[in-house]
Each structure stands twice: as C-alpha cells, then as structure tokens.
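Heads up, the thing below is written out as structure tokens.
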Amino acid sequence: MTLNTSIAQHRLGLVLFALAMGGFAIGTTEFATMSLLPYFAQGLGIDAPTAGHVISAYALGVVVGAPVLAVLGARLPRRRLLMLLMALFALGNGLSGLAPTYHWMLLFRFLSGLPHGAYFGFAALVATSLVPENRRTWAVGRMFLGLTCATILGVPLANWLGQALGWRWSFGLVALLGLITMLLVRLFAPLSPADEAASPLRELGALARGQVWLTLGIGAIGFGGLFAVYTYLADTLHDVTRVSPEATPLVLSVLGIGLTAGNLFIPHYADRALMRTAGLMLLWSAFALALYPFMAGNVWTISLSVFMIGLGGALGTVLQTRLMDVAEDAQGLAAALNHSAFNTANALGPFLGGLAIAGGHGWTSTGWVGCGLALGGFALWLVSAAVDRRNGSRPCAA
C-alpha cells in the first residue's frame, strides 16, 4: 500500500466514522425510548399504554420526514444538509428532555423523528460516493455500524443514565451525540457542491418507478419478522425461557451483536451479487425465525436464535444499495424512503405478532409470524427479479 493510498483509506475511515456517529445517536434514541417508557410515563403522569403513543409519534415523524426533507433538501450540498438534519435531531431530543407535559412530548418526539430517514439516506449517498462501484454496499454497511452498535452500547448507556439521573438526561445525552455528529461531519465529510440538476420534481420521479416500490415493499414486509420477535422478546424470556431479569438485557444485546456481525460481513457478498444476496437474506431470516419457537425454552438456544435473526438485519444495508440503483437519478428520495419502509415493518411486525399472541398462540408464535413476513418479502423479491429479467438486466448480480 502506497503512502497516498494509506492516507486516502484513513480519510475514508474518518468520514465513515462521522456518518456512523449519527447512526449511533439515532439508534440510541429509537431503541432506548422503549426501555425508558415506564420512567417518562411516571414523570409525565400518564399510564404505559398512553406513553406508547410517544414511541409511535417518533415513528410517524420518520415516515413523514423521510420523503419531505429528502425532496426539500435535494439542491443543498450534502455536507450542509447532513449538518442541518443533525441540528434538527439534536433540537428535537433536547426539547424531549425538557417536555413539561405529555402532549408536548408527543410533538417533540415527532420532531425528533423527522430527520431520521433523510439522514440515513443522504449519509448512504455520501458514503457510496467515496468508494468504487464494487464497494458501495461495504461503505453503507460501515455507516450502518453506528446504528447496530447503538443497540449494544448506546441503549444500555441511555437506560442506565435514565435510571441513575432521570429519563430527561437520556434525551440530553442523545442531543449531545447529535451535536458531536454535526462537528464530525463538518470536520471530515467532503465538501461537494450541490447538484445543479437536482430538483424536488426530479426526486419525486423515483415514485414513478415500479422497482422502487417493489424494493420498499420487500423491506416493509420482509423486515417485519425481526421486529415481531424483538418487540415481545423480553416477555418471551420472562414467561417461556424463564431467565432472571438481570439476564434479559444480555440476551437483548445479542440481537445487536448479530446485527453488527451481519453488517460487517454480508456487504462483501452483496457487492458481488446484490439481488442474490437480498434473496438469500430473506430466506435466511425465514429459516431463523421458524426455528425461534423451538429454541425459546433455553437461554443458550434462544440466544443463538436471536443472534441468527440479527444477522438477517443486514437486509437493510443491501436494500439501501438496491434502492440507489433502481432510483436512477432520484437517489435522495429513494434512499431516505428505505427508512420509512423499515418503520412500516416496525409497525407491521409487532401488530401481527400481537394478534397471534392475543389469539392464544403463545409468545413464541411471533417466530411463525416473522417467518411468514420474511417469505412475503421473498415473494416480492421474486417479482422484482422477474421484472429485472424482463427488462434485460441480471437480477442476481444487479
């Protein structure tokens, strides 16, 4: 390796670290808020079901903000746009920590969710612009490591802080992480001029492409299985596996380890055969989720099962690159919508899993629900691959 190459690799690493820090901040607030629900429910004088609406408000912000901010920011230089998105994120979380009432909390969590999808979408575009064509998914995977590491480090830290000093300090921590991300992006992200040909109308053109909708559908349905299991995992550990309360966070963190491992290794294969890897990841998820009911009775086997399910989370990275391919010249909106799709999965999976549990099928029935969702995503993958073949491209390598 030459000196110039070494310097270039070091610079790339700093850029990806800066982008990943934003993912770490976003992942921390998205997942830690669930574990802090009893504390801010008590602090705001509301019951737990009502407090759950606060989490829904954030998800709604993600779904709304991703397309709106991607379209509005189409003509801004990407470094400046990323800094503005993180400023909005830090503001929303800082205000969440100061919320005087439940209704203000709803508003501030919605505000916090607005930049989520647009940040990841444009961060992915910046990451892929710095590497050769055959390393794009690798770059996206490295950027997503911030999100996956948040489930291992950020969430326990925020939860501990919330218990030790109060839940408001946890949102303050996330706001600080947002400000640190702004500084890192300012220092290390490349300053590239705005695309003069970009426009809100061109970005909206992504919505006219069938493959964009098919890819979003794969994520919205196929990824729902992971959330179906994760949402009710603590209850399963308590009532089925019968682990101690102290061991529950350790098993939950195994999912984050699986997500991180998947994003470290799967992108190498996706860069060689993107669509084939997406299809295999869906089948892997269906297999892992189908095993979950049989492995839930023992702490060691359920930990292995959760790790296997976590590996399937690399599907998000693969679909991020796929969306940039099929969106052609409207990549900003399509890349941001990836996270609207996954928040749809985050709503669909727990909803269907809850129906199965309420129907008397037990906590582990979420595995069967998840398996069905993964196979549903694979069915859409087959349609997308068929469209590729009809249009003359090679679906397994595209």
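FYI, side chains are in, hydrogens and waters are out, and symmetry mates aren't considered; it's all heavy atoms of this structure. Sequential numbering from 1 along the given sequence is applied to the chain's residues.
Between S305 and A288, the shortest heavy-atom contact is OG-O, 4.1 Å. Listed here is the closest heavy atom pair of V369 and A228: CG1-CB, 4.4 Å. Between P190 and V126, the closest heavy-atom pair is CD-CG1, 4.2 Å. Residues C149 and T260 approach most closely at N-OG1, 3.9 Å, considering heavy atoms. Among all heavy-atom pairs drawn from S170 and A158, the shortest one is OG-O, 2.6 Å. Across G377 and I218, no two heavy atoms sit closer than the pair O-CG1, 3.8 Å.
The same ILVMFWY cluster, assembled from side-chain heavy atoms under 4.5 Å apart, contains both M83 and L176. V63 and L323 fall into different hydrophobic clusters, where Ile, Leu, Val, Met, Phe, Trp and Tyr residues are linked whenever their side-chain heavy atoms come under 4.5 Å apart, directly or through other members. Residues V254 and Y292 share a single hydrophobic cluster, defined by chaining ILVMFWY side chains whose heavy atoms lie under 4.5 Å apart. Using a 4.5 Å cut-off between side-chain heavy atoms of Ile, Leu, Val, Met, Phe, Trp and Tyr, with links allowed through other members, L98 and W169 fall into different hydrophobic clusters. Follow the hydrophobic side-chain contacts under 4.5 Å out from L348 and you reach L380 in the same cluster.
Between the side chain of S303 and the backbone N or O of V251 there is no donor-acceptor pair closer than 3.5 Å. Side chain of D271 to backbone of W138: a donor-acceptor contact under 3.5 angstrom is found. Without hydrogens or angle criteria, S384 side chain to W381 main chain gives no donor-acceptor distance under 3.5 Å. Under a 3.5 Å cut-off, the side chain of R11 and the backbone N or O of F188 do form a donor-acceptor pair. With hydrogens and angles ignored, the 3.5 Å screen pairs no side-chain donor or acceptor of T137 with any backbone N or O of P267. In terms of modelled atom types and a separation under 3.5 Å, the side chain of Y232 and the main chain of P350 share a donor-acceptor contact. Within the 3.5 Å criterion, the main-chain N or O of L125 finds a donor-acceptor partner in the side chain of T128. Checking side-chain atoms of T364 against main-chain N and O of P293 turns up no donor-acceptor pair under 3.5 Å.
T277 and R272 form no side-chain donor-acceptor contact under 3.5 Å, judged by distance and modelled atom types alone. Donor-acceptor pairing under 3.5 Å is lacking for the side chains of H339 and Y119. Counting only N and O atoms by type, the side chains of Q211 and D388 include a donor and acceptor under 3.5 Å apart. A donor-acceptor contact closer than 3.5 angstrom links the side chains of N93 and R109.
Distance check, rounded to the nearest 0.5 Å: CG of L157 to CD1 of I152 gives 13.5 Å. Of the inter-residue distances, the one linking L226 atom CG with L315 atom CG reads 10.0 Å to the nearest 0.5 angstrom. In this structure, T148 OG1 and L264 CG are separated by 7.0 Å, a value rounded to the nearest 0.5 Å. Put simply, CG on L304 and CD1 on I309 are 10.0 Å apart, with the number rounded to the nearest 0.5 Å. Here L289 contributes atom CG and L373 contributes atom CG; the two are 8.5 Å apart, rounded to the nearest 0.5 Å. Of the inter-residue distances, the one linking L319 atom CG with L282 atom CG reads 7.0 Å to the nearest 0.5 angstrom.
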Run the side chain to side chain contact (heavy atoms under 4.5 Å, CB included) check on Y269 and M281 step by step: do they pass? CA-CA 11 Å; Y269 301 98; M281 292 305 297; over 6 Å; no
Would you please test W300 and F307 for ring pair (Phe, Tyr, Trp, His ring centres under 6.0 Å) and show each step? CA-CA 11 Å; W300 297 107; F307 177 79; over 10 Å; no
Test side chain to side chain contact (heavy atoms under 4.5 Å, CB included) on V229 and L255; report intermediate values, then the result. CA-CA 11 Å; V229 166; L255 180 77; over 6 Å; no
Set out, in order, the CA-CA distance, both residues' side-chain angles and the distance that settles side chain to side chain contact (heavy atoms under 4.5 Å, CB included) for T181 and L184, then state yes or no. CA-CA 5 Å; T181 301; L184 292 175; 5.7 Å; no
Please lay out, stage by stage, how N338 and F342 fare under the test side chain to side chain contact (heavy atoms under 4.5 Å, CB included). CA-CA 6 Å; N338 191 37; F342 287 122; 3.1 Å; yes
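Q42 is not listed as a side-chain neighbour of W167, based on a closest heavy-atom distance of 4.5 Å or more. Looking at heavy atoms from C-beta onward, L106 lies in side-chain contact with V54 at the 4.5 angstrom threshold. With contacts defined as side-chain heavy-atom distances shorter than 4.5 Å, the pair M308/F287 qualifies. Looking at F89 and V174, their side chains come closer than 4.5 Å, going by heavy atoms from C-beta outward. Using a 4.5 Å cut-off on side-chain heavy atoms (C-beta onward), P156 and S253 make no contact. Looking at heavy atoms from C-beta onward, V62 lies out of side-chain contact with E30 at the 4.5 angstrom threshold.
Relative orientation of the F120 and F144 rings is tilted, given thresholds of 30° and 60° on the angle between their planes.
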List the atom pairs, with distances to 0.1 Å, where a side-chain N or O of residues 12-21 and a protein N or O form a donor-acceptor pair under 3.5 Å, not counting sequence neighbours.
none

